[in-house]
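What follows is a single structure, written as structure tokens, with notes after it.
The basis for the numbers below is simple: all heavy atoms, side chains too, and nothing from hydrogens, waters or symmetry mates.
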Amino acid sequence: MPSPCPPALPTPRHRDSPRAVRTVRAAWAVRAVPGVWTLALGLWGLSRQNSVWRDEAATWQVARRSTGDILRLLENIDAVHGLYYLLMHGLFSCFGPGTTVLRLPSVLAVTVAAACVASLGNRLAGPWAGLGGGLGFGLLPAVQFHLQEGRPYALVAAGAGISTLLLMTAVQDRAGRGQAERNRAGRGQTERDRAGRDQAERDRSGRGRGRRPALWVAYGGTVLVCGLLNWLSLMILPAHLATLLWVRAARPVRVRWTMAATGAVAGVLPLILFTRTQSDQVSWIPPLAWHMLIGPAILLAIGALGALLDRPRAGRLSAASVGLPLLALPQLGLAGMSLIQPLFLDRYVLFSLVGLALLIGVAIGAAVRAARPRFPRAARLVLPVVMTVATAALTPQLLDKRSPDSRVDDVLAVADDIRELARDGDAVLYIPAARRDTRLVSPGAFTGLRDIALAQDPVESGTLKGVEKSPQRIGAAMLTQDRILLIMDAGEVAPPLSTERDRVKTCVLREHFTPATDRRIRGRRVTVYERVHPPHDGPPRTAKDC
């Protein structure tokens, strides 16, 4: 007997059609090519000729401490980098300390950020914009500097790319459902078309309901992690809010964004309040001056040109509505904060260059579209030609960033001089005390040397440079030595003497010792002093007593 109901025909799935498969493959290629390109740039010359500069030395020495010692340090200094130090501690524990382990997280983070820029550009302005932005991101000079840097700023840039991509996905998901509802309400559709669209919309909206909460949780979590790596990265939230207002996002999207943003800020707020008690560690940053704004102004001009080429319109999600706020608001926000307390360092808003790269990609995409009607074959060469010219023009920068001379000093280079010059029983001094980082990163080079100024070592004291004795005790200890090795900054980067201890060290060396050997290498200076004068009546009580 025949079945009373005909067998149900399989419902065609649009996402499995040949065209959809090609689209998915093309999207993956747009992300993969910039990712591979950026990864190759990052791995090239990663060790910088086995050099480590002072900021990276802080990461190196802290990451080698135990978790308890790191937490004790954070109570006194560098709490703003606490999460990053714990991350690097885990990596050093698993793979051992070294320049590769120190810098590879930044390489991978910038690779992820480049892939996010490419994905954003592809979805908002087309594949050429995605490829151009993703490839261009890794070439930006500031990105090149932090691409191979053992500090957290590249990780924040990756988080900015991920959070922006998640936000855009949430907005597009909601907009797609709204458009589908309008299509279903339209007239002139056949019953078969309407049924097929209803089924496709049920499939899509079902997936949307399943992933929508996960999107917002992932978004809030990503912003939270970025804030814990560097709380100034929370300036990405005003940028994202500007995007939502620009595109007139639906009320449910604005409500969910507010909830996610509030949760992220609440999670970072204790860190912000605590680090305000450690504000002295940024007291060296100079006050904001007009010439410091020239670079950001040029970046904003480039971004504005890319936004204009995107032909932005209010209410439309576009590369301009995403990229321009992401570029401009963190830069302007940091400048505004610096009027209250000097904080204007480009690395604090490195993540804003995700927006710049996206807008550069828009400009490249616009050039391809302009050339395509009259020169269809030549249009395909626009991106390769632009990338070739840009790479050639920036090659000196690329080479410089991979040179030890690209940083103000090299902690490891001076260790070789110490090994050669030191004798067992010699004393060693540091001016300022922060130059003790050489011993902390290369302890083997200081075997047999006595740190006569040190009262508590850095680990015991929960500090980066240790606690030194009083000036009187330092002076007395120096007068009992025959040879002293002094490690300090070279002349071009040496700060003025700022503490009584350092003035006493300098005074006693000048009055009672004579320099026998003096070497300078990559921002550091090692001088061997030998005692030649007759004993002094007593140790100097202050620098004036010399």
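Between the OG1 atom of Thr499 and the CG atom of Asp502 there is a distance of 3.5 Å, given to the nearest 0.5 Å. One distance of note links CG of Leu241 with OG1 of Thr258; it measures 7.5 Å at 0.5 Å rounding. With rounding to the nearest 0.5 angstrom, the NE2 atom of His89 is 12.0 Å from the CZ atom of Arg64. One distance of note links CD1 of Ile77 with OG1 of Thr277; it measures 11.0 Å at 0.5 Å rounding. Here the CG-CG distance, from Leu332 to Leu293, works out to 9.5 Å after rounding to the nearest 0.5 Å. Interatomic distance, Leu234 CG to Leu224 CG, rounded to the nearest 0.5 Å: 8.5 Å.
A salt bridge between Asp451 and Arg436 is present, with a side-chain N of the basic residue lying under 4.0 Å from a carboxylate O of the acidic one. For the pair Glu56 and Arg48, the salt-bridge criterion is met [side-chain N within less than 4.0 Å of a carboxylate O]. Between Arg54 and Asp410 no salt bridge is recorded (no basic side-chain N to carboxylate O distance below 4.0 Å). Between Asp437 and Arg435 there is a salt bridge, since a side-chain N of the basic residue sits under 4.0 Å from a carboxylate O of the acidic one.
Ring orientation note: the planes of Phe446 and Tyr430 are tilted relative to one another, at an angle of 30° to 60°. Taking the six-membered ring where tryptophan is involved, the planes of Phe92 and Trp60 are perpendicular, since the angle between them exceeds 60° and thus also 30°. Relative orientation of the Trp53 and Phe145 rings is perpendicular, given thresholds of 30° and 60° on the angle between their planes.
Judged purely by atom type and a 3.5 angstrom limit, Gln397 has no side-chain atom pairing as donor or acceptor with the backbone of Leu139. Using a distance-only test at 3.5 Å, with no hydrogens or angles considered, no donor-acceptor pair links the side chain of Asn230 to the main chain of His81. For Arg522 (side chain) and Pro404 (main-chain N/O), no donor-acceptor pair under 3.5 Å exists by modelled atom type. Judged by distance alone, with hydrogens and angles left aside, the side-chain atoms of Asp310 form a donor-acceptor pair with the main-chain N or O of Ala320 at under 3.5 Å. A donor-acceptor distance shorter than 3.5 angstrom exists from the side chain of Ser283 to the backbone of Asp280, with no hydrogens or angles considered. Side-chain atoms of Gln61 come within 3.5 Å of backbone N or O of Leu464 as a donor-acceptor pair. Checking side-chain atoms of Gln456 against main-chain N and O of Ser461 turns up no donor-acceptor pair under 3.5 Å. Under the 3.5 Å distance criterion, the side-chain polar atoms of Ser442 are left unmatched by any main-chain donor or acceptor of Arg439. Put simply, the side chain of Thr111 gets close to the backbone of Val107: a donor and an acceptor are under 3.5 Å apart. Arg276 places no side-chain N or O within 3.5 Å of a backbone atom of Ile272 that could act as its donor or acceptor partner.
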*Under the side-chain contact (heavy atoms from CB on, under 4.5 Å) criterion, do Arg254 and Trp257 qualify, and how do the steps go?*
CA-CA 5 Å; Arg254 299 197 305 271; Trp257 177 86; 5.7 Å; no

*Could you please spell out the steps behind the side-chain contact (heavy atoms from CB on, under 4.5 Å) verdict for Gln144 and Leu140?*
CA-CA 6 Å; Gln144 278 290 306; Leu140 296 174; over 6 Å; no

*Steps toward side-chain contact (heavy atoms from CB on, under 4.5 Å) verdict (His146, Arg151)*: CA-CA 8 Å; His146 293 282; Arg151 299 300 276 174; 5.5 Å; no

*asked:* Could you go through Gln49 and Arg402, starting from their C-alpha distance and side-chain angles, then the distance that decides it, and tell me whether this counts as side chain to side chain donor-acceptor pair (under 3.5 Å)?
replied: CA-CA 8 Å; Gln49 301 177 31; Arg402 286 155 181 80; over 6 Å; no

*Criterion side-chain contact (heavy atoms from CB on, under 4.5 Å) on Ser163 and His240, from CA distance to verdict*: CA-CA 9 Å; Ser163 61; His240 287 169; 3.6 Å; yes

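With contacts defined as side-chain heavy-atom distances shorter than 4.5 Å, the pair Leu87/Leu155 qualifies. Residues Pro34 and Phe137 have side chains not in contact (no heavy-atom distance under 4.5 Å, counting atoms from C-beta outward).
The number of heavy-atom neighbours closer than 6.0 Å to CZ of Phe95, taken from other residues, nucleotides and ligands shown, is 12 or below. When the shell of 6.0 Å around NZ of Lys401 is examined, it contains more than 12 heavy atoms from other residues, nucleotides or ligands.
Donor-acceptor pairing under 3.5 Å is lacking for the side chains of Ser119 and Asn122.
The salt bridge (Lys or Arg N to Asp or Glu O under 4.0 Å) analysis of residues 328-353, with sequence neighbours excluded, yields the pairs Asp55-Arg347.
Shown here are the side chain to side chain donor-acceptor pair (under 3.5 Å) partners of Asp78, two or more places apart in sequence or in another chain: Tyr85, Gln281.
For the pairing with Leu356, the side chain to side chain contact (heavy atoms under 4.5 Å, CB included) check across Val143, Leu326, Leu324, Ile302 returns one residue only, Ile302. Just one of Thr164, Val247, Leu167 meets the side chain to side chain contact (heavy atoms under 4.5 Å, CB included) condition when paired with Val322; it is Thr164.
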